[in-house]
Structure formats: structure tokens, C-alpha cells
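Proteins come first, then strands; the chains are lettered A, B, ... in the order of their sequence lines, and each starts at number 1. As a basis for the values below, the full set of heavy atoms in this structure was taken, side chains included, without hydrogen atoms, waters or symmetry mates. Please read all numbers here as calculations on a predicted model, not as lab measurements.
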There are 2 protein chains.
Amino acid sequence: MVSAHPDAQADTRTRIVRAAATLMQRQGYEATGIKRIAADAGATLGSVYHFFPGGKQELAVEALRYGSQEFTDLLRTGLDSTDDPAEAVAECARLMAQTLRDSDWSDGCPVAATALEFIGRSPAIQLASEEALGQWRELVAVRLAAAGIPVDDARDLACTVLSTLEGAELLCRVSASEQPLRIAARHLARLIRAY
Amino acid sequence: MVSAHPDAQADTRTRIVRAAATLMQRQGYEATGIKRIAADAGATLGSVYHFFPGGKQELAVEALRYGSQEFTDLLRTGLDSTDDPAEAVAECARLMAQTLRDSDWSDGCPVAATALEFIGRSPAIQLASEEALGQWRELVAVRLAAAGIPVDDARDLACTVLSTLEGAELLCRVSASEQPLRIAARHLARLIRAY
DNA sequence: GTCTATACCTCGATAGAC
DNA sequence: GTCTATCGAGGTATAGAC
């Protein structure tokens, strides 16, 4: 039998988390209803509460972790694409730009929209967001340090790399243009080469 | 008579817009209820719909424009603080960090949270967000060009300045730390000095 | 212009059969 | 584990007196 839903091969719990992650990435937490998540996942409301008795917030935390891993994969791909660390970071920006364009400016950072809705209002969600950002920063920092940049400089650079990528992505999505990430790629590469 | 509300001296319409701008800046559009806006503004629901017959979305557009002007003022203060363009941009980052800390990481970019909720879902709100970001970028570009940086370079630099400030602010808010903006200040200054 | 009351709807969450 | 039916709360928006 062929299912009407894209992720039919995965188990129900996974499909629910994926649907939640996608919707929250695109429109944030508050605009995303549980009924819609269930429908997109090809599951019923009962199943959602079966797997996530803690309700929407518990599911959201799981969705943030899931999306965080996907973004980690994208970063790893970019960072491992070449020996030159400056070029590797630029490649991350290009990968993000391409992913955004291919998804009609929908598939960006999986935590930004939700994180901004909950600053100071939900420890669980804020912590999950902080862990995601921290993990990405660490990934970049390790890559830069491996290229010979002093560890402290690498950590600071990684922070700015992440800041710039996040902000450029916001600008890209709002203006429906790849330009901010393309420009960020050039500037970040220049910044890194200065070390 | 002394009012219980902070903006009692302003007219009702202005108080409503201010309250909406503040709430949307802190938690986005969807989490912000009209009843709460009215209460914070010291107005009634009837007044809100009297001034904004188009409802919540019409009010949101006005709130974004209002917040946009406030952020423009902050940028102008930073950009005019010194002759050195690199130092001026760094000062913007420091002003943002200070504002964030003073508000318990609440008062950041007035459009980011709302904009991310509406990418591709509301032309009116997306346009208002795009206009705000474009205005800020133009402000920075003009300042850099005035310092002698070639116009095309200034425009690209302004784009990255804005990207980095926006992203660093996200990181600051999520991690409840000034560090990302402090680091961004240093890196942006270095990037600008290279021209 | 301001206010109260309320209509109408959708939300998150629950209950209980299967 | 999955499903349907439904509850209560809270949302936006409206009506109409003042």
C-alpha cells in the first residue's frame, strides 16, 4: 500500500517529530497547531499525546533537537568540503542559501523562530535552543582550530560565523533573496583569512 | 490624576501601537493577544478596533513600523558616535548589548520574531519587515560611504553588518549573554578597517 | 472615542472504545 | 498504539449602549 504522506516509511513518533520540526522552523511554535502537526505526520491526535504526554512543549523540545541535528549535518558538509577553513565556512553559507532558495525561503535555521518566541518564557525551550546554537558554534570552532587558528581566536570567530550566518539567513528569508548569505560568505572568508 | 500606565501622556492610539510593538518584539506576533495589548496600553478592546479596523494584522504592521523607527534611532546614535566608521559600527553592537542586558534580554530587534513567523505567509507583514531591514541597511551603507568606503563595498558591508548584528542579538538573547555582540563588535570593526 | 458583553471559533488537552 | 468525540479555555472580532 502506498501512503499519502511523505515519511510513511518512518515510525509514527518520528513522523510526528519531523512534521513538528518542519512547521516550527517555518512559522514558529505559536502558529503551529498540534492538530496540524498530526495531520502533516499522517497521525492522529491520540498518537501525538501517546508519544508526548507532556503536550506541545515536550514535542517542541524534541522537534528542536531533531532540527538541530539536521542543521549540524549541513554545517559538517560545508566545513568538510575543503581544506581551506575560510572557504569551508563560505561553503556553509552557500549551502544555506541554496537550501533556502530550494524551499521557497522556508527551510532555514530550525530554532530561530521558536527561540525568539520564548526568550525568558520557557526554560526547556530556551535551553534546547541554546544547546543547538552551542553545538553549532563548537563544530565551527573545532574546524577552525584544526586549521591552525589559535583556540581562543577560533572560538570567537566561530561565534561571529554563527551570528552572521543566522542574521544573513533572516535577511535572506525576509527579502526572498540569496544576496545576504552570498555577501556573508565573502566577508566571513575574509575575516577568517586574516588569522 | 495619575494613571496606572506608563505611557499615559500619549494618546490612545499611540499607546496601543507602543504596547503592541513591545510585546511583539519580546514574544512575536502569535503569542501576543489583542486583549493583552489593550490592557498594557491602558485601553479597551473597543478602542483597539476603533483605531485598527483591520484587526491584529493591521495593528502589527503599524507596530513593526514604530519599532523600526526606534531601532533606527539606536543605530543613528551609534553611527554618529565617532568619526571612525569601524568604531561607529562597533558602538552600535555595544548599544544593542547594553539595551538587551538592561531589559533582561527582551528588547532586541523589533521585527525579527514577528518576521520569522510570517515568511511567505503575509505580504503585508513581510513587506513591513523588509522595509525595516532595508532602512537600517541603507543607514549603515550611507555612513560607511561617507567615511570614504567605495559605495558598492559600503552597501555589501552594510548588509553583513546588519546580518551579524541581527544574528549576534539572537545568540545573546538565547544564551542570556552579551558575549556574541561584544565579539561581533570587534570582528565587524576589523572587517570595516580592511577597506 | 470608550466601554461592556458576547458571538464564534480554534486551541491544547482528555476520555475511552477499539 | 490508534482512533473519534468532546471538553474547557482563550483567541479574534463584533454589537451596540453611552
Self-check item: Flag, side chain of A/Lys56 to backbone of A/Gly33, donor-acceptor distance under 3.5 Å
Solution: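 Judged by distance alone, no pair lies under 3.5 Å.
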In whole angstrom, give the distance that lies between atom [atom1] of [X] and atom [atom2] of [N].
X       : N      : atom1 : atom2 : answer
A/Ile37 : C/dA13 : CD1   : C1'   : 13 Å
A/Arg13 : D/dT2  : CZ    : C1'   : 16 Å
A/His50 : D/dG1  : NE2   : P     : 4 Å
A/Arg36 : C/dA13 : CZ    : P     : 18 Å
A/Phe52 : C/dG12 : CZ    : P     : 15 Å
B/Tyr29 : D/dG11 : OH    : P     : 13 Å

Quiz item: So does A/Glu62 pair up with A/Arg18, basic N to acidic O under 4.0 Å?
Solution: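 A/Arg18 and A/Glu62: not salt-bridged.
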Quiz item: If you measure from the Lys or Arg side-chain nitrogens to the Asp or Glu carboxylate oxygens, is any gap between A/Glu178 and A/Arg94 under 4.0 Å?
Solution: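 Looking at A/Glu178 and A/Arg94, the cut-off is not met.
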Quiz item: Taking all atoms of both residues into account, what is the closest heavy-atom pair of B/Ala154 and B/Ala145, and its distance?
Solution: CB-N, 3.8 Å
Exercise. Provide the closest heavy-atom pair for B/Met24 versus B/Ala63 in the form atom of the first, atom of the second, distance.
Key: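 Heavy atoms of B/Met24 and B/Ala63 come nearest at SD-CB, 4.0 Å.
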Give me the distances for all protein-to-nucleotides 13-17 of chain D N/O pairs that come in under 3.5 Å?
unit_1, atom_1, unit_2, atom_2, d
D/dA13, OP2, B/Tyr49, OH, 2.9
D/dA13, OP2, B/Lys56, N, 2.9
D/dA13, O5', B/Tyr49, OH, 3.4

Quiz item: Does B/Ser47 place a side-chain N or O at less than 4.0 Å from the phosphate oxygens OP1/OP2 of C/dT2?
Solution: yes
Exercise. Report yes if a side-chain nitrogen or oxygen of A/Thr12 is closer than 4.0 Å to either non-bridging phosphate oxygen (OP1 or OP2) of D/dG1; otherwise report no.
Key: no
Self-check item: Distance, nearest 0.5 Å, that separates CZ of A/Arg76 from CG of A/Leu95
Solution: 14.0 Å
